[in-house]
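Here the structure is laid out as structure tokens; the discussion comes afterwards.
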Amino acid sequence: MQTYWAQIFILPKKVVQLITSVCRTFLWTGSCEASRKALVSWESLCMPRSAGGLKLIDYTLWNRAAICKLIWAVSTRKESLWVQWIHGYYVKNKEIEFMKTPTQACWLVRKILDARKWFGNRNYKVELEKCSKGDKFSIKAAYLSFQPQYPKNQWKNLTMEARQISRHQFILWLAIKQRLATVDRLERWEIHVPKECVLCSTGTTETLAHLFFECKYARDIWCSLLKWMNENRAPKTWSEEVSWMTKRCKGSKAKSQVLAWLFVATVYHVWIERNARRFQNEKRESHQRLKEISLQLHIRGQCYSK
């Protein structure tokens, strides 16, 4: 029902803010109750995956794109009763491109005609034609046309691979953006927890750089997987590993895809183990995590081979 009304009316800003707030809260907390907890801004989440976002819907832009379908119908004089009514009462053989929005028109008609201003100096008819094919209009194409042209990030192949497990990709995405709630970040939010790394128990303060891959627990897992893949390489710093994986996993070779899968899975399982030890008092050794990663890879491989 909300989607239906969003294709007919310009949604008030307050309504869009409430919808966005519910979606944002559910993403970060799993609840619909109001919360300010957010590791990444909503604007960043709505960016394309190739630009480092998650391609979530920007409801303001989507609402505009949907309204563009209406102005396209009026401009092309579609065989519709309401379109003929607008032409008969308000357009009256005028050039829609140059006519002013009639002040006596109802609120809905004024908003539809005002949509021409959204294209700025660009010819709105030309822009609408780009979003249509034959007698059909693509709201998706209009939505993409309203989005800024973001530069592509270098590590998009790691977070966009379709064969990856979604929850694994999400944790990697947060890690690359330096948004995982490690102890040093919790301290900034005045959330006080024991600072020592719970994986290696060496007394070292837990940071993202330490977890990946200064920590012996994470280092052992990644070393074993690299050795299994016949990669003669010792893990380095987090930024160096991301950079190496970005270059190493370009292309469609099976080995590159498997290596990328293992890297994403390693980051995920190290983070899950850290949470289990810190908050649930549960513990698995590195060889157990290795076995779980291998089993997941085996199951994943069987699914894609069918």
Using a 6.0 Å cut-off, check whether atom CG of Leu81 has over 12 heavy atoms from anything other than its own residue.
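Check fails, neighbour count at 12 or below.
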
In terms of heavy-atom contacts, does CD of Glu240 have more than 12 from other residues, nucleotides or ligands at under 6.0 Å?
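Above 12, so yes.
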
Are [X] and [Y] close enough that some pair of their side-chain heavy atoms sits under 4.5 Å apart?
{"X": "Val74", "Y": "His87", "value": "yes"}
{"X": "Cys46", "Y": "Lys55", "value": "no"}
{"X": "Phe263", "Y": "Leu259", "value": "no"}
{"X": "Glu214", "Y": "Thr204", "value": "no"}
{"X": "Gln296", "Y": "Trp261", "value": "yes"}
{"X": "Tyr89", "Y": "Val109", "value": "no"}
{"X": "Tyr143", "Y": "Asp58", "value": "yes"}
{"X": "Leu208", "Y": "Trp238", "value": "yes"}

Measuring centre to centre across the rings, with the benzene-like ring taken for any Trp, is Trp271 within less than 6.0 Å of Phe212?
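No: the rings miss the under 6.0 Å criterion.
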
Kindly state whether the ring of Phe146 and the ring of Trp62 have centres lying under 6.0 angstrom apart.
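No - the distance between ring centres of Phe146 and Trp62 does not fall below the 6.0 Å cut-off.
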
Applying side-chain hydrogen bond (donor to acceptor under 3.5 Å, both in side chains) to His269 and Gln288, what does each step give before you reach the verdict?
CA-CA 11 Å; His269 280 276; Gln288 293 175 298; over 6 Å; no

Would Asp220 and Ser286 count as having a side-chain donor-acceptor pair, cut-off 3.5 Å?
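Judged by distance alone, the side chains do not pair up.
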
Verify the distance criterion only: is there a donor paired with an acceptor across the side chains of Arg289 and Thr266 at less than 3.5 Å?
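Checked: Arg289/Thr266 side chains show no N/O donor-acceptor pair below 3.5 Å.
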
Which heavy atom of Glu231 sits nearest to which heavy atom of Trp244, and what is that distance?
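In this case the closest contact between Glu231 and Trp244 is OE1-CZ2, 3.7 Å.
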
Which atoms form the tightest heavy-atom contact between Trp118 and Cys68, and what is the distance?
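The pair with the smallest heavy-atom distance is CE3-SG, 4.1 Å.
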
Do [X] and [Y] sit in one hydrophobic cluster, given that two such residues count as connected whenever their side-chain heavy atoms are within less than 4.5 Å of each other, even indirectly?
{"X": "Val126", "Y": "Phe137", "answer": "no"}
{"X": "Ile67", "Y": "Trp82", "answer": "yes"}
{"X": "Leu54", "Y": "Trp155", "answer": "yes"}
{"X": "Leu211", "Y": "Val242", "answer": "yes"}

Please check if the side chain of [X] supplies one atom and the backbone of [Y] the other of a donor-acceptor pair under 3.5 Å.
{"X": "Lys133", "Y": "Ser138", "result": "no"}
{"X": "Gln84", "Y": "Lys78", "result": "yes"}
{"X": "Arg179", "Y": "Lys177", "result": "yes"}
{"X": "Thr25", "Y": "Ser21", "result": "yes"}

Apply the salt bridge (charged side-chain N to carboxylate O under 4.0 Å, His left out) test between Glu206 and each candidate in Arg278, Arg185, Arg277; give the one that qualifies.
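That would be Arg278.
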
To the nearest 0.5 Å, what is the distance between CE (Met229) and CG (Leu262)?
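Result: 6.0 Å between the selected atoms.
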
What's the verdict on side-chain hydrogen bond (donor to acceptor under 3.5 Å, both in side chains) for Thr246 and Ser243, showing C-alpha distance, side-chain angles and the deciding distance?
CA-CA 5 Å; Thr246 299; Ser243 178; over 6 Å; no

Trp85 and Tyr90 aromatic ring geometry - parallel, tilted or perpendicular at 30°/60° bounds
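Perpendicular.
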
Between the side chains of Glu241 and Arg219, is the shortest nitrogen-to-carboxylate-oxygen separation below 4.0 Å, so that they form an ion pair?
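Between Glu241 and Arg219 there is no salt bridge, as every charged N stays at least 4.0 Å from the carboxylate O atoms.
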
Test side-chain hydrogen bond (donor to acceptor under 3.5 Å, both in side chains) on Thr103 and Arg110 and set out the steps.
CA-CA 7 Å; Thr103 56; Arg110 294 201 307 272; over 6 Å; no

